[in-house]
Every structure is written in structure tokens, then in C-alpha cells.
Amino acid sequence: MTGELAAPHPVLGAVVVLGVLLVGTAIVTTADAVVADRVARRGLDLRASLVRPWRRIALSLVRPQPATERPDWGLWVLAPAAYVGMAAMAVSVLPLGTDWAVADVRTGIVVLGSAEVLAMVAVYLHGWAPNSPLSLVGAYRFVAAGLSFLLLSMFVLIAAALPAESMSLGRIVASQQEGAWNVLRQPLGLPLFLVVALSVSLHGPLDMADGTDLATGTVAESSGPARLAWEFGRRAMLTAYALATAVVFLAGPAGPVLPGWAWLAVKTVAVAVVLVWCGHRLGRIGIQRYVRIAWTVLLPLSFLHLAISGVAALA
Amino acid sequence: MSLWLLPVWLLLVGPVLGMVGHRAAPGRRRLVLGAGGATALAVAGVGSVAATLATSTATYPVGAGLVLRVAAGPVAGPVAVLVAAIATVVTMYAARHEGQHEDGAGLARLVGLLVAFAGAMLLVVLADDLLTLTVGWELVGALSWALIGHEWRDADAPGAAAHAYNATRFGGLGLVLAAGAAFAATGSLGYDTLGGVDGVALHVMVAGVLLAAVSKSALVPFSPWLFSAMAGPTSVSALLHSSTMVAAGAYALIRLQPVLDTASWFGPVAIAIGLVTALAGGVVGLLQGHAKKLLAASTSAQYGLMVVAVGAGAPGVAVLHLVAHAVFKAQLFLSAGVAITAVGSHDLARMRLRGVLPWTARLTLVATLALAAVPPLGAAFTKEQVLAAGTHAATWVGLLVAVAGGLSAAYATRFQLLAFGGARPDRPSPRPLVRGPARVELVAMGVLAAASITLGLLWVPAVHEAVMAGLGATPPEARSWELPVSLALVATGAYVVWSLDRRGRLGHVPAGASQQAVADWFALPRLVRGVVVAPTLHLATALATVDDRIVDAGVDAAAGLGERLSRVASGAGEVTVDAVVRGVARTGTVLADASVRVGERGVERTVDGVAWLAGRAGDDVRRTQTGLVHQQYIVIAVGLVVVLAAAIFGR
Amino acid sequence: MTIVTVLLASAVLLGLGTWGVLSQQSFVMIMMGFELAINGVMLAAAGVWRFTSGGEPRGQVLVIVAMLVMAVEAAIGFALVVAVYRARQQDTTEGIAELSR
Amino acid sequence: MTGLAVDIAFWTFAVAAAWFGWRVFRTDSMVRATFCLLASFLNVGAIMVLLLAEYLGVAMFFMMSVEMVVMAIFMVAFMMNPAGLNPMEMVHQPRAAIAVGIGAAVGLGVVAVVADLPPAALLDEAGTIRALGNELMGASMLLMEVVGVTLVATMVGAVVLSSASGRYGSADTGSVPPLLDPDDPDSRPDLVSADGEGDAHAGHGGHGGHGGHG
């Protein structure tokens, strides 16, 4: 069932995945605060930037959760769990060191795609469950966006699988070590995949579900620990997709001198900072424009990308 | 692999032209489309020449043991070049000529379709197995529908397109049948393996191919669809009639002749169909008053001659005639288009345009002489070869071919005189000129006229021997009487028409109803409507009526009958039982009386019960006709179980 | 996990789907029933491929064809639901009974 | 995984698939019904992974999730009471349906038990995905081409059937807005006349009313 990379014991693997998500979330949170202050040129007090988010988290823990009129409690609880779970599923198929992954399955890229789709389900449920109009608008908006970026993501991932002649992410890394990194070999792929990463992790200009224009959309009725859980999910998803970007386009753990996991961490943090920076620096985009651009520009581009990659892989 | 590029290139460029062509500025649109389409086709033509010289082949396995093949063989290669060449000229003409009313808005679609159509025809020509042939065949058919229905805002164009499509599509089923028979017999569809087909499969295959070819080439009894196809733009007709679509039928027969000939009945049947079409088409052409329909009738007639040649075992001769015919028929349609545009009408009676369109008239004369088969034009040579091949089969066949040649000379003369004759004092002068021919249109006609003249080289023995050898055929031996007889008939036909015209008695419009019917393919369309279309519709209506009235009524009647029966039966029961009662009563036993009363009640109850049951059953059967999907699903589910059970346990 | 248990599971799913198709009034719910039934079919095909085919890949292809059927069913089904609703404002099978006698 | 673990996993997934499949038609909330169906699919996908049809299983996750999200949107659009806030029973012929459903399940179950299916295990357990890929791009190419054409036809057909306007005008021509009160035939807003020409003065509200359900 598994590919070539070694796998730890399942329990250990679960711990590792959770650890990656927690550490990643901490880094993303910190980076988010620092970048926000830099972009706003707010005092440039690094210490304040580092402390503020954690104080907000601590405050959140004691804030109560208001009840809406007859919400669907089951789904409301399920949604953040499912969303985090999908981030975990994505991380588990990615190689985390030079020669190991939690589960280097042969269908790695399809699992990544499935994680995206099920994340879309989770976001929809999160918007649906509270029985609140703004949340529901956010949910529907995300479905419209999701149906648009899913194909994009699959084409980019399939293109990456072509030179590796395998859908396993371990093989994709290995093929980049043998040849060139995909960021050079398939230059169109990285920007397209960053669009996917921003969209699926509800960040920055492509945050269709939780935008502040909807009084923060699907989290409009969430507060306290529930809100915290959802925010954790978003950052975990960002971590997972930054990791995936590093693996698919930057050859993941490959690099001289340092051990593989360290290279992977460096590349992931770099991608995450770029994503966070995009979130603060670029303007929001309306859903109609997003869908139009996705179908008329990005999707044809991804076709082109796939065709070029296919021809290049054959040559 | 590269040979696939020829058809695929055109099939790809066509849609692209169609989609982006209308973006060109209106002033430059005609230039862009004409140049683009003609260049694409010319490229395909050059490619065809190269492929023919290299006799290249290509295959494409589609799985399940099926392989698509194309080959530019000795026959396919030259015909492919012909298709590309004619299409190039016609597309040039079309980009200038068509779409006058809509200011070229739909022109991009037309040119795109023309290019793609030529690509589909190349697929038919180059096909080296029945599956590729079928694919190309259906593509040609579908695209011809779009082309004929191009001016879909006209009331009759969509219907005419559907008529043409349905007629040829029906014949196309024959090709599918043939492919199925060949595959069942040999497990392969390649032309090279068809020789192994025998027995019933052979007859099915030959009949299927013949049906397909007869329908596509508009031979009797499928000829009328070609009249419907006249609803399309003139350039479409020019392409359709010369080297594509209609040619596909004759071409398929030519390519498959060695196989088809193994069925002993193929030759006689093909000759019969060909001769009937050639003669009937000649008569129709003599009476038609519609400029394009006259030419359409002549198309059928000429393809009839080609089929005669194939039936007589001389496919090489048929190829030559196909080429010669393609060149002059394309030009004739282009001329007709110019004439029709000039007077704004299809009516031959309103033309006589020599004074107004002198150059068009001169160029057309070349084509009409070719149609009339006047030496030294190449078309005359090929017709003589057909005649020789026919004589080879039987003398009377040759004679009838000569008669058909006389007829074609007659209607060719008639076309030339009516369309491009000089004005006559006793005839209404031509209507004011709507538009004269543009330079591109004249060049297109000129190129084709030059080609017709060049084909005259075929009369040189060295040339035609080399050509026939190149086609892998031997010229049939001509008898000494053939040429004089044939030329005499040609001269007679032309003279009769000419002298009629001199006396002002050339019937440009059929006078009586019977003549009109003959001009309309001997009322064949009406016959088809009466014998095929109407009965089908009637049958459908009748079946619906049966369902409504009889099935329903049957149920009603069953219920009613049951009731009535029960009444009669109970009445009868009463009578008989009463008689018994009386008889028994005479014996005077109380016991019997009592027992009979019991029996009476029993019989009555039984009869009533049966009647009630019949009525209820009738009602209940009707109740299943609820029209409600979910209840029918249950029936389906139960039916599926029954079918599955039968499949499992019935073995 | 044997061929029999897999087929039993698929039979249950197919039965549930059939029940849903037959008992639901709404077109959309009926489509869900069909999908559940096809779900069972796919499971059965996968099981038969796994245990009795010796690795013949066409067994897997059959599952993909079943997915195609499901996709076509969903797309055309939704289109029909929209068309019927637009024309009639009906979304249950009781609403269209033109074929009744 | 050992045989026992596989067995436990299989039974868990199988029971879950069936239970969720049953809940689809027994829950009042349409969104829950949809995602119960999705859960059933996901469990069947997991069973496929256990059956070593790994690609098919994961593809099930992917495809069915997309389809069920779309399904959920339609459920919310077309069903009254999408959130299940009121108890609802939109069924007909319930007993017959149960009988046929049980009949189908039992019948097929009997077939599964009594049928003599000769076992032939996978020859190459590691190469199932590669074998599938080679089959799809090789011997079954024709089939996949047919699949592709079918899907294109489906797209065209779905758009044609559901689009609101065509070459010859609006598809709404001749349609009528729903009753505001299902029992009152006079409650139809802006009745559109039979020949398709709406009332020019009051025609706007009628089209706006299409989205709602009586």
C-alpha cells in the first residue's frame, strides 16, 4: 500500500503529524503578527508583535460561545475537527525527511486533492451549522470558489507527477533530486499552486469563506474555544499547503549539509511567510471576479501548464 | 503517423477559423478568411502531394483490437490532392462570394466549416479500413448538414439540411452494417483483409457498402436529397458536388471494387443503378428551370456513369471521370453562383447573361463543353472510357452510356444557352445587374477552366497510359464504333437543344404538371413521402391510437363483457335452474326444493363473482397506468429481478 | 473480509438505495437513492475484481465506468430537476403524471 | 496490516456505510442527509482501499465529495425544510418500497452466498495502480474515449436542459410562478398568460418569485 519511504509506527506518526501542525500553526501565527505590523509600519516593536497574538489566544480561551437559534450543533462541532483532520491527512502523505513520511501512499497527489475537497465540505458545514445568514453566505461563496480552484489544483499536481511517473510524493521529491526542481522545470505550477494554497486555507485576498466583508463569514457566530479551533484549522491548513508547496515545487527535504527535515522546515517557513505576506499585502478580490478569473484565466493556464509539462516529461 | 496530420490539420484549423474569423475587421474579413482558409487547404494539398509521392501510411490503435489506418495509395493519393485543390479554389471563391446579405457575419462559420469539411473528406479518401471510412463518412455527413443549413434563418434551409442528412445518414447505416459483417467474418476492418470475407457476411457487406454509396452519391432512389441540398450556399454546392460528399459514395465503390466484385450480383446491380440514374438525371436536367438543380441532376447522372464503370469492373476509369467531373462541376457551380447573384434569382428563365457577364460566359463555356464531353477536353476522354468499359460488360450498356452522354450534351447546351446565352428579342431582357463577379471569383473559375483544358492531355496515348498505370489499372479496349456513335449522339443532343433555342422554343420552365413532376426527379420525392415517410408517420399514429383506443378499450370491453356475460349467465342459470326446480318440484320433495335453493344461490354467486373479478381486474390493470415514476420504478425493479432470475436459473 | 462479505455489504447498500428511490417523493432524494445503489454496485465490482479476477485491471475499469454513470446521472438529473421546476414548479414525482392513462 | 485488523476495519467501514446509507432517508435535515450519503461513500472508498483498489478508493473520496457538495446545494434549493427544523415525511408507498428494498438486498445476498465464485486472488498486489493506468491508456483506450465523449455530451445536455435562455429566447416562456399558498389556486403571483407574453406592467415580480418555493 505504501510507497518507497519508510513509515513510523502509526501512533508515532499521528503524534508527528499533530506536532507538525502545532509547530506550523505557532510559526504562522507569529509570522502573521510580525508581517501585519511590518506592513502597517506599526511601531516596529518586534517584541510586541511576538506577544500580541498569544495574548489574544489566551483571551479567546475564556470567552463564551453565544448560541444562535437552533443551530446544527453536531455539524458545528464536526466542521473544525474535519478541517483540521484534512490538514493532518495532507501532512501525513508528505515526506517529512529525506527517507521517511508518515504514509507515503502511492496515490499521494489524489489524497492531497481529496483533502482539499473534504476541506471544502468542512468549510461548507461550518458556515451552514450556525443557522446564520452571513455564515451561510460565506459557505456558499467558498463552494463557488472551491469548485473553481479544485480542477486547478489537480492539474498542477498531475503535472508534477508526470516527470516522477508516479503519484507518490516521495517519488515526486526523488524525481526533482534527479532532475531539476519543479519550480524551475514547471515554472507556471508554483504561482498556480499558491493560489490554491491561499484559497483552501482561507487566507488573505482569496479568503472567500471568512472574509471581514461578511463580518468574518463562517466564524461570524463563533467565539471562544470554537473560534480558536477554527483559527487553528486555518493555520494548520496553511502549514499543510506550505509544506505541500515546498515538497512539490522545492524538492522538500533535498539540500546540502543540513538534514532533510531542516531543509524542509526552512522551505516551508519561507513559503508560509510568502503566503502570509500575500495575505496582508494584496487586496481582497470579489467572488464573481475570482470565479471568472479562475475559469477563464487560471484554468486554461493550468491546461497549458499540464500540456507543457507533459511534453517536457516525454522529451 | 504524419499522414494523420492531413485530415486532422484541416479538422482543427476549420473550427479555429470559424471561431476567430469573425473578429477580423469587417472590411478585411473576407480577405483574412479567404487567405486563411485557402492557405490551410493549400498546405493540405502540398502535404497530399508529398504523401502520394512517398505513398505514406499511418496507423492508430484504438484498443479492443481495432486499428485505424490511413494510406495514400495509388488511388487515394491523387484523389486527396484533388479534394484539397478544389477545396482551395472553392474557399477562395466562397470568402468573396457568400454572405452578401449579412455583410459577411456568418462567413467565418461557413469558411471554417468548408475547411473542416475538406478535412473530413480527406479522412474518407485516405481511409484504409472500414472504421476510419465510417468515421470520415459520418463527419462528412454531419458537416454537410451544417453547411446546407448554413443560412438557417431561411425558412426551408434547416428542413432541407435535415432531409439531406437523414437520406445520407440512412445509407450510412449500410456502412456500419458492412463494417460489422466484415469484423464478424475476419476480426479485422482493414481493406487488405476484406478479401477474406465470404458467405452471408460478404453479401451483407457488399449490400451495406452499396447502400451507403448509392445514398451518398445521390443515385436513384436517393437522388432527391441533392435537390434539397441546393438550399445551401452556392460554394457549398460546388464543393459538395465536385470532389466531396457526393464523390464519397462513388469513391468508396472505387476503393472497394476488388472486394465488392467477388459478390456476383454486385456488377449488374451497380450497372443498373448507374444507368437508370444517368438516364433519369439527364431527363431531369433537360426540364429543370432552377439553375442549381439542373446542375444537381447532372451531378447524379455523372456519378451514375462512374458507378457504371465500377460495375463494369473498371474502377480506374471511374477515378479518371471523377477527377474530370470534379473540375468542371466545381466551375459550373461557381458560374451559376455568379449568375444567380447577378440577377438575384435561381430562375434560368431570367438569365441570358452573356452581354452582362462576358468573361463568366466565356469561362463557363469551357466547363459546359467538358460536361457535354466534347473533345479535346479531358472529360470527353473519360466519358469515352466509361463507354468502353460499359461495352466491355455488354454492348447495350455501352449504347445506353452513349445515350446518357447525348442527354448530358443536351442539358449542358441548355444550361449554357439559358444562363449565359445572348439576349433574345423575344425573351425578357435580364433584370438589372445586382452584382458582377469579383476578380477573385473570375480567377477561381479561370483556374478550374484551365485545369479542365489541361486534362485534355489525357487524349495523348502516352499520357493516359502512364496515368492509368499510375492508378494501377488497364484502360479498357475501345471498339471502333464507340467514338463515332458517341460523338454523333453528343452532337445530336446539343443540336436539338440549340435549334429549339433558335426557334425560341427552349422550355426553360417546365410547362405542364407532368413535366414539373419529371423535373422534380420523376416525382420521386412525392413517392418517397407517400411510400416511406407518410406510412411511417401513419404507423406511429396508428400505434398510438391502438394504445389509446384498443388496449384501453380492450380493458374496458373486458370489464363490460364480463358484466354482460355474468348477466346472461345468471339469466341462463335462472332458466335452467328454474326448470330443474320445476321438475324437481313436481316430484314434491321438500328436501330437493331446499337443496336446489342452495344450488341456485351458489351458481348465481359464482357467476357474479367471476364478473366482479373481471371488472375489478380490468380496473386494476388500468390503475397501473398512473404515469407516476415511483410506481413504475417498482415495476422496473420487479422486472429486473425476474430478468436476473431468468438469467441465473434459466440456463 | 471475503468475497461473500463484500458482496453482502454491497447488497445491503443496493437494497437501501432501492428503498430510497422507491419511497422518496422528491427528485433530488430519488437521485440520492440511485447514488447509494450505484455505490453498492461499485463495491461489488471492486470486491469481485479483488477476489476472483486474478488482477485483471478491467475489473477496476468497471468501477470507473460506474463512477461515470453516477456523474452522468447527477449532471443530467440536476438539469432535469431544474428544467421541470422551471416549467412546472414541481419537485416531486407526484407533480408530473402526464403519462397517466 | 494483519488479517484481523483488516477484518475489523472492513466490518467497521461496512457497517458505517450501511448505517449512513440508512440515515440518508431517515433524517429531517437535507444537508445532513447529503453528507450522510457522502459518509457512506467515504466508507465504501475506505473498503476499496482495503481491497487494494487504492486508486479507486481515493478517487471515490475526491469525486464523491465534490458531487455531494453540489448535491447539498441542490437539496437546500429544492427541498422545503432543508435544515430539518420541522419533522418531515416526504415519502410515498413506504411499505412497498421497504419490501422491494429488502427483497433486493436479500435476493442479492442469497446470490452472493450461494453463487460459486471461483477465487483468484490478485497476482501482483503492488502493481494494481500501474496495471489500471496501463489498461486505461492502452487496451481500454477506446472505452475511455467513449467515456470522454459521454461526459462532453453530458455537459452539453445538462447546459441545454437547465439554461434559462436559448437562441430563441427565454426558457421561462410559458412557465408559471409557483403558488404562494399551495392550497389556494388564486395565490399565484402575476399569472403569465398562456401564449408566453407576460403582463408588461407587472411582469417583473413574477420572475423574481422563481427562486422561492411554496
Side-chain angles (χ1 to χ4, degrees), chain C residues 1 3-9 11-20 22-26 28-29 32-33 35-36 39 42-43 46-55 57-58 60-61 63-65 67-68 70-72 74-76 78-83 85-87 89 91-92 94, chain D residues 6-7 10 14 17-18 21-22 24-25 37 40-41 44 47-48 50-53 56 63 67 74-75 78-79 90-94 96-98 100-102 104-105 108-109 112-113 117-124 131-132 135-136 140 143 147 150 154 157-158 161-162 171-172 175-176 178:
Chain C
M1 185 171 66
I3 177 71
V4 174
T5 55
V6 171
L7 286 182
L8 282 178
V12 170
L13 287 174
L14 197 132
L16 282 167
T18 310
W19 164 62
L22 294 180
S23 68
Q24 294 295 316
Q25 288 184 306
S26 160
V28 191
M29 288 300 283
M32 309 241 298
E35 307 232 327
L36 196 58
N39 194 19
M42 290 196 292
L43 182 57
V48 170
W49 164 78
R50 166 71 177 80
F51 292 109
T52 69
S53 76
R58 270 180 290 179
Q60 296 195 67
V61 174
V63 179
I64 289 185
V65 171
M67 283 190 196
L68 163 87
M70 207 186 260
V72 172
I76 296 295
F78 284 138
L80 285 176
V81 171
V82 170
Y85 187 78
R86 182 177 283 128
Q89 281 74 46
D91 63 352
T92 62
E94 274 83 355
Chain D
V6 169
D7 273 349
F10 168 73
W22 175 63
V24 169
F25 303 109
L37 185 58
S40 182
F41 280 128
V44 168
I47 295 177
M48 285 189 184
L50 291 182
L51 289 170
L52 302 179
L56 297 180
M63 288 194 49
E67 195 179 329
F74 274 87
M75 290 289 270
F78 278 103
M79 302 292 283
M90 271 188 72
V91 294
H92 45 219
Q93 51 183 17
I98 290 174
V100 175
I102 291 179
L108 288 172
V113 171
L117 294 164
L122 300 185
L123 299 177
D124 176 16
L132 174 61
E135 175 73 20
L136 288 182
S140 293
L143 179 75
V147 166
T150 308
T154 303
L161 280 174
S162 57
D172 289 349
S175 70
V176 284

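The contact between C/V65 and chain D is made entirely by side chain atoms (from C-beta outward), counting heavy-atom distances below 4.5 Å. Looking at C/A9, only its side chain comes within 4.5 Å of chain D, counting heavy atoms on both sides. Only the side chain of D/L136 has a heavy atom closer than 4.5 Å to any heavy atom of chain C. With a 4.5 Å cut-off on non-hydrogen atoms, C/L13 touches chain D through its side chain but not through its backbone. Heavy atoms closer than 4.5 Å to chain D are found in both the backbone and the side chain of C/L43. Heavy atoms of C/I3 lying under 4.5 Å from chain D belong exclusively to its side chain. In this structure, chain C has no heavy atom under 4.5 Å from any part of D/I102. Both the backbone and the side chain of D/P119 come within contact range of chain C, judged by heavy atoms closer than 4.5 Å.
Annotation: maximal heavy-atom pairing with chain D below 4.5 Å, among C/L80, C/T18, C/L16, occurs at C/L16. Ranked by non-hydrogen atom pairs under 4.5 Å with chain C, the options D/T154, D/L51, D/L161 are led by D/L51. Counting heavy-atom pairs under 4.5 Å between each of C/I64, C/L8, C/V4, C/L68 and chain D puts C/L68 at the top. Among C/S23, C/G15, C/A11, the residue making the largest number of heavy-atom pairs under 4.5 Å with chain D is C/S23. For the set D/L117, D/L143, D/L132, the entry with the most heavy-atom pairs within less than 4.5 Å of chain C is D/L132. Between chain C and the residues D/A14, D/P118, D/G157, the largest count of heavy-atom pairs under 4.5 Å involves D/P118. Residue with the most contacts toward chain C among D/P94, D/A96, D/A17, D/A158: D/A158 (heavy-atom pairs, distance under 4.5 Å).
Residue C/M1 comes nearest to D/L50 through the heavy atom pair CE-O, 3.7 Å, listed as atom of the first residue, atom of the second, then distance. When all heavy atoms of C/N39 and C/M70 are compared, the pair lying nearest together is N-CE, 4.0 Å.
Separation of atoms CZ (C/F51) and CG (D/L52) is listed at 8.5 Å; rounding is to 0.5 Å. Of the inter-residue distances, the one linking C/F78 atom CZ with D/E67 atom CD reads 7.0 Å to the nearest 0.5 angstrom. Distance check, rounded to the nearest 0.5 Å: CE of C/M32 to CD of C/Q24 gives 8.5 Å.
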Any chance you could lay out the side chain to side chain contact (heavy atoms under 4.5 Å, CB included) test for C/T5 and D/F10, step after step, and finish with the verdict?
CA-CA 9 Å; C/T5 55; D/F10 168 73; 3.6 Å; yes
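Within the 4.5 Å cutoff, the side chain of D/M48 has heavy atoms near those of the C/V63 side chain. The closest side-chain heavy-atom distance from D/V24 to D/S40 is not below 4.5 Å. You'll find the side chain of C/L7 reaches within 4.5 Å of the side chain of C/V48, heavy atoms only.
Panel note: side chain D/Q93, backbone C/L22; a donor-acceptor pair is recorded below 3.5 Å.
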